[in-house]
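Chain naming here is simple, since letters A, B, ... match the order of the sequence lines and numbering starts at 1 in each.
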Amino acid sequence: MAEGKNFYARVYDVVKKVPAGRVATYSQIATIVSSPRAARAVGWALRALPQGHDVPWQRVINSRGMISIQNLRAPKMLQMRMLREEGVDVMTVDGNYFVDLEKYLWRSYSR
DNA sequence: GGTTTGACCCTAA
DNA sequence: ATTAGGGCCAAAC
């Protein structure tokens, strides 16, 4: 899978493979594309998403299943709504949004 | 080319 | 259990 591409492209490619109604974690994406410790780099890649992208960035969350996004262009509220549109049950706790990883975590290689 | 930043993660106090 | 700190990787300054 596109291993010769840039880091960005690889991250996007993996995120695109996440099916609707499922979520993936940053470290999971990092593990697939490169190193398990490159979770921050994945965040960088998603942060720099180009306009007109077709990357379902809303399906990528942290390991605790919490949405800690602070990007103005992509409010947590928006992500929460998009996930719910896909059938993912998003819980609201103290202004933060949580997703049940045990239930919605994407498992492509580990099963 | 060293320093800073960032949508993170893990360990220790 | 909650909070604080350091570490990791890749890009922008």
Side-chain angles (χ1 to χ4, degrees):
Chain A
M1 74 142 83
E3 296 181 0
K5 293 182 181 179
N6 296 332
F7 187 80
Y8 277 28
R10 283 199 278 169
V11 171
Y12 300 155
D13 201 34
V14 174
V15 176
K16 285 180 192 172
K17 289 179 181 173
V18 180
R22 278 279 134 97
V23 297
T25 67
Y26 291 101
S27 67
Q28 182 180 4
I29 303 290
T31 302
I32 297 174
V33 299
S34 172
S35 168
R37 314 291 174 194
R40 299 192 105 192
V42 174
W44 244 97
L46 294 181
R47 171 187 185 268
L49 272 173
Q51 296 180 353
H53 60 69
D54 54 343
V55 180
W57 56 267
Q58 65 270 18
R59 295 173 194 155
V60 183
I61 56 185
N62 63 12
S63 0
R64 296 184 205 161
M66 188 181 94
I67 301 173
S68 61
I69 286 185
Q70 295 179 354
N71 193 331
L72 298 176
R73 195 169 66 183
K76 297 183 294 187
M77 183 176 63
L78 175 63
Q79 179 169 9
M80 179 270 299
R81 189 160 75 175
M82 292 175 81
L83 286 176
R84 282 185 178 173
E85 297 265 336
E86 296 181 354
V88 177
D89 184 27
V90 182
M91 298 167 285
T92 305
V93 180
D94 190 40
N96 294 324
Y97 301 109
F98 289 87
V99 177
D100 188 354
L101 292 179
E102 294 292 320
K103 198 172 180 181
Y104 296 105
L105 182 63
W106 174 50
R107 297 169 187 179
S108 60
Y109 55 101
S110 64
R111 156 189 202 276

### Query
Who passes salt bridge (charged side-chain N to carboxylate O under 4.0 Å, His left out) against A/Lys16, sequence neighbours left out?
A/Asp54
### Query
Roughly how far, to the nearest 0.5 Å, is CG of A/Leu46 from CD1 of A/Ile29?
7.5 Å
### Within one Ile-Leu-Val-Met-Phe-Trp-Tyr cluster: A/Val60 and A/Phe98, side-chain cutoff 4.5 Å
no
### Query
Roughly how far apart are A/Leu83 CG and A/Tyr104 OH, rounded to 0.5 Å?
10.0 Å
### Query
Once you round to the nearest 0.5 Å, how far does CG of A/Asn96 lie from OG of A/Ser68?
8.5 Å
### Message
Within this structure, what is the OH-CZ distance for the pair A/Tyr97 and A/Arg81, rounded to the nearest 0.5 Å?
### Response
10.5 Å
Check: protein-nucleotides 2-6 of chain C nitrogen or oxygen pairs below 3.5 Å:
none

### Message
Using only atom types and a distance under 3.5 Å, with no angle test, would you say the side chain of A/Gln28 pairs donor to acceptor with the backbone of A/Trp106?
### Response
yes
### Message
Please report the interatomic distance CG(A/Leu101) to CZ(A/Arg107), rounded to the nearest 0.5 Å.
### Response
9.0 Å
### Message
Can you tell me which residue among A/Val15, A/Val14, A/Asp13 is in a side chain to side chain contact (heavy atoms under 4.5 Å, CB included) with A/Lys17?
### Response
A/Asp13
Just distance, no hydrogens or angles: give the donor-acceptor pairs under 3.5 Å from side chains in residues 84-95 of chain A, sequence neighbours left out.
from	atom 1	to	atom 2	distance (Å)
A/Arg84	NH2	A/Val90	O	2.9
A/Glu86	OE1	A/Gly21	N	3.4
A/Glu86	OE1	A/Arg59	NE	2.9
A/Glu86	OE2	A/Gln58	NE2	3.3
A/Glu86	OE2	A/Arg59	NE	3.1
A/Glu86	OE2	A/Arg59	NH2	2.9

### Summary
So CH2 of A/Trp44 and OH of A/Tyr8: to nearest 0.5 Å the spacing works out to 5.5 Å
### Query
Could you write nucleotides 8-13 of chain C as a row of B, S and -, 5' to 3', where a protein heavy atom under 4.0 Å of any base atom gives B, of only sugar-phosphate atoms gives S, and otherwise -?
BBBSS-
### Message
Applying a strict under-4.5 Å side-chain criterion to I, L, V, M, F, W and Y, I'd like to know whether A/Tyr26 and A/Met66 cluster together.
### Response
no
### Query
Taking any atom under 4.0 angstrom from a heavy atom of chain A, which nucleotides of DNA chain B are the first and last to qualify, 5' to 3'?
B/dT5 to B/dC9
### Message
Please list, in numerical order, the residues of residues 81-101 of chain A that have a heavy atom closer than 4.0 Å to any atom of DNA chain C.
### Response
none
